[in-house]
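Side chains are part of it too, since the values below use all heavy atoms of this structure and drop only hydrogens, waters and symmetry mates.
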Amino acid sequence: MKTNFFNRDLHAESILGEFLDCYLYPNIHAQSVERIDDKGLQYEGVDIEVIINNQNYFIDEKGYLSRPTIQNTFVLELSYLNCKGERKEGWLFNPNKITTHYLLCWADRDDVDLDDLTIDNLHLVEAILVNRAKLHTYLWNRYQLN
């Protein structure tokens, strides 16, 4: 039996995090890299805290994993409907998030259900680190979106 979409996506994101912990983070020149297990901080939009040159980066990892090949698109969550049908602010503009950067990731992977995804199914991940404040400024200056 397959899990619901939320649990499926959480599972896939945890596999992506495992891949990044294995192949990306050990190769950056940081004073420290810490995967955040605290649910409160995760709810505030922090998956990883990285310190580089005495500057803290609170990174929210975002993965485009729904297709098995790397795509040229990404979804930025403006809002969503909760289980009660109420509109809630998405992660992009949510003022309660302490995220300083997004790590947007695209994966080349085996064509398996996300429920069954393992780190061995991931072959390549392309990623870009985006400064949240600069992204907000760009979206406002270019599209008057906030």
Non-hydrogen atoms of D110 and H123 that approach each other most closely: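 For D110 and H123, the tightest heavy-atom pair comes out as OD1-NE2, 2.5 Å.
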
For the student: nearest non-hydrogen atoms of K97 and R132, plus distance: O-NH1, 3.2 Å

Are [X] and [Y] joined in one hydrophobic group, where the rule is that I, L, V, M, F, W and Y side chains link up if heavy atoms are under 4.5 Å apart?
| X | Y | value |
| --- | --- | --- |
| V130 | L103 | no |
| L135 | F93 | yes |
| I128 | L76 | yes |
| L129 | V33 | yes |
| W91 | V75 | no |

Roughly how far, to the nearest 0.5 Å, is the [atom2] atom of [Y] from the [atom1] atom of [X]?
| X | Y | atom1 | atom2 | answer |
| --- | --- | --- | --- | --- |
| L20 | L122 | CG | CG | 9.0 Å |
| R8 | D115 | CZ | CG | 7.0 Å |
| L145 | L92 | CG | CG | 7.5 Å |
| T118 | N121 | OG1 | CG | 3.5 Å |
| Q55 | I52 | CD | CD1 | 8.5 Å |
| L114 | I15 | CG | CD1 | 10.5 Å |

Pairs meeting criterion side chain to side chain donor-acceptor pair (under 3.5 Å) with involvement of residues 136-146, two or more places apart: none

Side chain to side chain donor-acceptor pair (under 3.5 Å) contacts touching residues 73-88 (sequence neighbours left out): S79-R87, N82-E86

V125 and L24, any side-chain heavy atoms less than 4.5 Å apart: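 In short, these two side chains do not touch, never coming nearer than 4.5 Å.
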
Taking [X] for the side chain and [Y] for the main chain, is one N or O donor matched with an acceptor at less than 3.5 Å?
| X | Y | result |
| --- | --- | --- |
| N94 | N96 | yes |
| N4 | N7 | yes |
| Q31 | N54 | yes |
| T100 | Y57 | no |
| R109 | I119 | no |

Ring pair (Phe, Tyr, Trp, His ring centres under 6.0 Å) contacts in which one or both residues fall within residues 28-49, not counting sequence neighbours: none

Residue pairs involving residues 8-27 (criterion ring pair (Phe, Tyr, Trp, His ring centres under 6.0 Å); sequence neighbours excluded):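 Residue pairs passing ring pair (Phe, Tyr, Trp, His ring centres under 6.0 Å), neighbours aside: F19-Y23.
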
Using atom types as modelled, flag every donor-acceptor pair under 3.5 Å from a side chain in residues 44-51 to any protein atom, sequence neighbours excluded.
residue, atom, partner, partner atom, Å
D47, OD2, E61, N, 2.8
E49, OE2, N56, ND2, 2.4

salt_bridge(D21, R35) N-O dist < 4.0 Å: yes

Taking distance alone, no hydrogens or angles, what donor-acceptor pairs closer than 3.5 Å link side-chain atoms of residues 64-72 to residues at least two apart or in another chain?
residue, atom, partner, partner atom, Å
R67, NH1, Q71, OE1, 3.3
T69, OG1, Q71, NE2, 2.8
Q71, NE2, T69, O, 3.2

